[in-house]
**Student:** 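Sending over a structure as structure tokens; questions will come in a sec.
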Amino acid sequence: ARLEDALFYFNKDKKTLLKDLRESLTNINFHPKLGSYADKVRRLNDLTEYLYKTILKQKISDNLKDAFTLIKNDKATHLVSEFSKLEGVVGMNYALSQGYSKEVSAILSEHYLPTSDTSHLPSTDDSRYLSLLDKLDNIVAFSSVGELPKGSNDPYEIRKIVYNLIRLIKESKIDLDFNELFNYNFSLLNSNIIYNDKIKGEIAHFINQRIYQIFKSQTENDRLAKGIAFSNTYNFYMKFVLFDELVRLIKDSAKSDLI
């Protein structure tokens, strides 16, 4: 029955082009205090321009420009509204069927990656950076309205988003200082949301706690793990570089003492 339902919604979706669904995102709520998914996409677009032009000093590729006319649009399809786990995959396949290139279509799916500690990673820089900014905006936006989890309750799965962000940064070797990105991301939120260093510090601490847990699983040296994880830098990738190097040096030193 579910397969028949999927086929029904798929045939219904074929009546509308993916690019024509952008306006429908205004009717899909992102968060009561943060607006719609149309607002989310606008922030993502602005963040991408800021990252490429101000930080990376690079031009935005034509593939990424084309992808931005479609990004998140599949949330407005009948198929995704009924089968939410297909978000991104539906966008990619609909884009392919409507004549978009494999590169553009892949961005629609890959910017959600990674989704777990074992899932694939984005395969191109465009997908990697868009994934990074998408996750960052979720963390910053939700935290700005008091949704950063302090107990077991985590309705927006922020812990999962943070772990996936950390994995993306570490395994894709994204060497960036996030301080500027945090500040710019906050500036894009609704004017009634008050930004201050306290909120930014809470987000950084939340991320650093997850990094600390990862380090703790790899060493018995709690002082080392804590010192690097909570060091005063917003370059999270360099924390992993420093940790790996110091762990290696300590192991090499221990081997030398045995000789």
Side-chain angles (χ1 to χ4, degrees), residues 28-35 37 39-40 43-44 47 72 75 84-89 109-122 127-174 176-179 181-183 185-186 188-189 193 195-219 222 225-240 243-244:
I28 303 176
N29 189 46
F30 178 69
H31 185 280
K33 296 180 181 179
L34 296 166
Y37 265 91
D39 298 310
K40 160 76 177 177
R43 288 198 304 274
L44 197 51
L47 275 168
K72 307 286 187 189
K75 289 191 74 70
S84 60
K85 290 185 179 180
L86 293 179
E87 186 178 354
V89 175
S109 175
E110 288 192 356
H111 84 279
Y112 288 101
L113 300 176
T115 56
S116 70
D117 58 356
T118 57
S119 74
H120 292 296
L121 291 167
S127 295
R128 288 184 198 102
Y129 287 129
L130 194 57
S131 171
L132 178 91
L133 297 175
D134 188 37
K135 291 171 176 55
L136 180 70
D137 179 71
N138 284 344
I139 296 164
V140 168
F142 289 137
S143 299
S144 72
V145 292
E147 299 289 3
L148 194 67
K150 294 179 172 61
S152 58
N153 190 38
D154 188 10
Y156 295 99
E157 298 187 318
I158 297 176
R159 288 187 182 88
K160 180 181 178 180
I161 295 170
V162 168
Y163 273 119
N164 289 333
L165 175 69
I166 291 170
R167 184 182 167 216
L168 177 68
I169 292 170
K170 179 178 182 289
E171 296 188 26
S172 297
K173 300 179 180 179
I174 299 177
L176 292 175
D177 187 318
F178 279 73
N179 187 42
L181 280 172
F182 278 138
N183 292 338
N185 202 158
F186 272 113
L188 299 174
L189 298 174
I193 294 175
Y195 163 67
N196 55 52
D197 286 340
K198 181 176 180 292
I199 296 174
K200 183 171 70 171
E202 288 175 351
I203 296 172
H205 184 75
F206 192 85
I207 295 172
N208 290 337
Q209 282 181 317
R210 268 75 242 165
I211 293 175
Y212 169 62
Q213 291 168 2
I214 293 170
F215 289 168
K216 277 285 289 177
S217 69
Q218 298 174 22
T219 181
D222 185 67
K226 188 174 290 184
I228 298 175
F230 294 101
S231 58
N232 189 27
T233 177
Y234 284 90
N235 189 325
F236 303 111
Y237 172 67
M238 289 310 298
K239 294 187 180 193
F240 283 95
F243 176 79
D244 290 344

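Fair warning: this is a prediction, and the values are worked out from it, not measured in the lab.
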**Student:** Would you say the side chain of L181 lies within less than 4.5 Å of the side chain of L133, judging by non-hydrogen atoms?
**Tutor:** yes
**Student:** Determine whether F243 and I214 satisfy the following criterion, side-chain contact (heavy atoms from CB on, under 4.5 Å), listing intermediate values before the conclusion.
**Tutor:** CA-CA 11 Å; F243 176 79; I214 293 170; over 6 Å; no
**Student:** Which is it for L121 and S131 under the side-chain contact (heavy atoms from CB on, under 4.5 Å) test, yes or no, and what are the steps along the way?
**Tutor:** CA-CA 10 Å; L121 291 167; S131 171; over 6 Å; no
**Student:** Any idea which heavy atoms bring T219 and A225 closest together, and the distance?
**Tutor:** CG2-CB, 4.1 Å
**Student:** Can you name the closest pair of heavy atoms from D134 and H111 and give their distance?
**Tutor:** OD2-CD2, 3.7 Å
**Student:** Do K200 and Y234 form a cation-pi contact, if we require the NZ or CZ to be under 6.0 Å from the six-membered ring centre and within 45 degrees of the ring's axis?
**Tutor:** yes
**Student:** Show, in sequence, the C-alpha distance, side-chain angles and deciding distance for Y212 and D222, and conclude whether the side-chain contact (heavy atoms from CB on, under 4.5 Å) test is met.
**Tutor:** CA-CA 9 Å; Y212 169 62; D222 185 67; 2.3 Å; yes
**Student:** Just so I know, are the side chains of M238 and T233 near enough to count as touching, which here means a heavy-atom distance under 4.5 Å?
**Tutor:** no
**Student:** Flag yes if more than 12 heavy atoms outside K150 fall under 6.0 Å of its NZ atom; otherwise flag no.
**Tutor:** yes
**Student:** Calculate, to the nearest 0.5 Å, the distance between atoms CD1 and CG belonging to I193 and L188 respectively.
**Tutor:** 11.0 Å
**Student:** So do the side chains of L168 and P122 get within less than 4.5 Å of each other, counting heavy atoms only?
**Tutor:** yes
**Student:** Given the rule in the salt bridge (charged side-chain N to carboxylate O under 4.0 Å, His left out) test, do D154 and K160 qualify, once you have shown the distances and angles that lead to the verdict?
**Tutor:** CA-CA 9 Å; D154 188 10; K160 180 181 178 180; over 6 Å; no
**Student:** What pairs with Y112 under ring pair (Phe, Tyr, Trp, His ring centres under 6.0 Å), at least two apart in sequence or on another chain?
**Tutor:** none
**Student:** Would you say the side chain of D137 lies within less than 4.5 Å of the side chain of K40, judging by non-hydrogen atoms?
**Tutor:** yes
**Student:** Quick one, Q209 with V162, criterion side-chain contact (heavy atoms from CB on, under 4.5 Å). Give me CA distance, side-chain angles, the key distance, then yes/no.
**Tutor:** CA-CA 10 Å; Q209 282 181 317; V162 168; over 6 Å; no
**Student:** What distance do F236 atom CZ and I211 atom CD1 have between them, rounded to the nearest 0.5 Å?
**Tutor:** 6.0 Å
**Student:** If you measure from OG on S84 to NZ on K75, what distance do you get to the nearest 0.5 Å?
**Tutor:** 7.5 Å
**Student:** May I have the step-by-step check of ring pair (Phe, Tyr, Trp, His ring centres under 6.0 Å) for H205 and F230, ending in yes or no?
**Tutor:** CA-CA 7 Å; H205 184 75; F230 294 101; 5.2 Å; yes
**Student:** Indicate yes or no: at least one non-hydrogen side-chain atom of F178 is less than 4.5 angstrom from one of L132.
**Tutor:** yes
**Student:** Taking the side chain as every heavy atom from C-beta outward, state whether F240 and I169 have any atom pair closer than 4.5 Å.
**Tutor:** no
**Student:** Any chance you could measure I166, atom CD1, to N208, atom CG, to the nearest 0.5 Å?
**Tutor:** 8.0 Å
**Student:** Look up atom NZ in K226 and atom NZ in K216, then write down how far apart they are to the nearest 0.5 Å.
**Tutor:** 8.0 Å
**Student:** Is it the case that R210 places NZ or CZ above or below the six-membered ring of F206, under 6.0 angstrom from the centre and within 45 degrees of the axis?
**Tutor:** yes
**Student:** Counting only N and O atoms by type, is there a donor-acceptor contact under 3.5 Å from the side chain of K135 to the main-chain atoms of L113?
**Tutor:** yes
**Student:** Identify the two heavy atoms, one from S144 and one from L34, that lie closest to each other, and give their separation to 0.1 Å.
**Tutor:** OG-CD2, 4.0 Å
**Student:** Quick one: closest heavy-atom pair of E147 and I158, and the distance?
**Tutor:** O-CD1, 3.2 Å
**Student:** Quick check against the 3.5 Å criterion: does K239 have a side-chain atom that pairs as donor or acceptor with the backbone of S231?
**Tutor:** yes
**Student:** Might you point out which heavy atoms bring S119 and S116 nearest each other, and give the distance in Å?
**Tutor:** N-OG, 3.1 Å
**Student:** Do L136 and F182 touch side chain to side chain, with heavy atoms closer than 4.5 Å?
**Tutor:** yes
**Student:** When rounded to the nearest 0.5 angstrom, what distance separates NZ in K72 from CD1 in I28?
**Tutor:** 11.5 Å
**Student:** Checking S143 side chain against V140 main chain: does a donor-acceptor pair fall under 3.5 Å?
**Tutor:** no
**Student:** Which heavy atom of I203 sits nearest a heavy atom of I139, and at what distance?
**Tutor:** CG2-CG2, 3.7 Å
**Student:** Once side-chain hydrogen bond (donor to acceptor under 3.5 Å, both in side chains) is applied, do any residues pair with D39, and if so which ones, sequence neighbours excluded?
**Tutor:** S36, R42
**Student:** If you define the side chain from C-beta out and look only at heavy atoms, does anything of N138 sit under 4.5 Å from F30?
**Tutor:** yes
